[in-house]
Amino acid sequence: MTDDSVAGEAPKPADTTVALVVYALMLAGFVVGFTPLIGVIVAYVYRGKGPAWLDEHYRYQIRTFWIGLLYALIASILTLIGIGLILMIALAIWLIVRCVKGFKAVQEKRAPSNVESWLW
């Protein structure tokens, strides 16, 4: 029970709007390139301010951003030898899958699976 809750009251449900918006910002990066940066900043700001399962989403989103950035850098360098485009397509699929899985988990009010994974 938190300090601002009254005895006998049901706990206030977690507000999942911010987590959903961060996933949407990451996906919007396909159209407007800078929105994932905004999303990761929002995730950093809201991390630690909700229930544990929601904090895991912010952690998952932060990891998705940084791992995706690393993969994009590697794919960009590898365009010089011709396989970078294929890796960029794989990166796009990876990002979509992670965001959809996270979005679905938020709607089910549970932590995302495999937060520590570098894949899905």
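Please read all numbers here as calculations on a predicted model, not as lab measurements.
- Contact record, S117 with R63: O-NH2, 3.8 Å, taken as the closest heavy-atom pair.
- Between the D55 side chain and the R47 main chain, no donor and acceptor come within less than 3.5 Å of each other.
- Side chains of V42 and Y58 form no contact here, defined as non-hydrogen atoms less than 4.5 Å apart.
- With a 4.5 Å cut-off on side-chain heavy atoms, F65 and L37 count as touching.
- With sequence neighbours excluded, the residues forming a side chain to side chain contact (heavy atoms under 4.5 Å, CB included) with L78 are I74, I81, I83, L87, listed by chain and number.
- To the nearest 0.5 Å, the span separating CG on L54 from NZ on K109 amounts to 9.0 Å.
- Here the side chains of V22 and Y46 are not in contact, with every heavy-atom distance at 4.5 Å or above.
- Closest approach of A105 and A111 over heavy atoms only: CB-O, 4.1 Å.
- Note that NZ of K104 is 10.0 Å distant from NZ of K101, once rounded to the nearest 0.5 Å.
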### Task
In sequence, state the C-alpha distance, the side-chain angles, and the governing distance for F103 and L27, and then conclude on side-chain contact (heavy atoms from CB on, under 4.5 Å).
CA-CA 11 Å; F103 195 87; L27 290 173; over 6 Å; no
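- Contact check for T35 versus F30: no side-chain heavy atoms found under the 4.5 Å cut-off.
- At least one side-chain heavy atom of P112 sits less than 4.5 Å from a side-chain heavy atom of V115.
- By the 30° and 60° cut-offs, the orientation of the rings of Y23 relative to H57 is perpendicular.
- When all heavy atoms are compared, the tightest approach of Y60 to N114 is CE1-O, 4.1 Å.
- A heavy-atom distance below 4.5 Å is not found between the side chains of M88 and Y71.
- P36 approaches G29 most closely through the heavy-atom pair CD-CA, 3.5 Å.
- No path of Ile, Leu, Val, Met, Phe, Trp and Tyr side chains, each step under 4.5 Å between heavy atoms, connects I86 with L80, placing them in separate hydrophobic clusters.
- The hydrophobic cluster containing V21 also contains V31, counting ILVMFWY residues as joined when their side-chain heavy atoms lie under 4.5 angstrom apart, directly or transitively.
- Proximity of a side-chain donor or acceptor of Q61 to a complementary backbone N or O of A19 within less than 3.5 Å is detected.
- Between the SG atom of C99 and the CD1 atom of I96 there is a distance of 8.5 Å, given to the nearest 0.5 Å.
- Under a hydrophobic-cluster definition in which Ile, Leu, Val, Met, Phe, Trp and Tyr are linked whenever side-chain heavy atoms come within less than 4.5 Å, directly or via other members, W66 and L25 are assigned to the same cluster.
- The same ILVMFWY cluster, assembled from side-chain heavy atoms under 4.5 Å apart, contains both I62 and I41.
- Counting heavy atoms from C-beta on, the side chains of M26 and T64 come closer than 4.5 Å.
- Both F34 and V45 belong to a single network of hydrophobic side chains, linked directly or stepwise wherever heavy atoms of I, L, V, M, F, W or Y lie under 4.5 Å apart.
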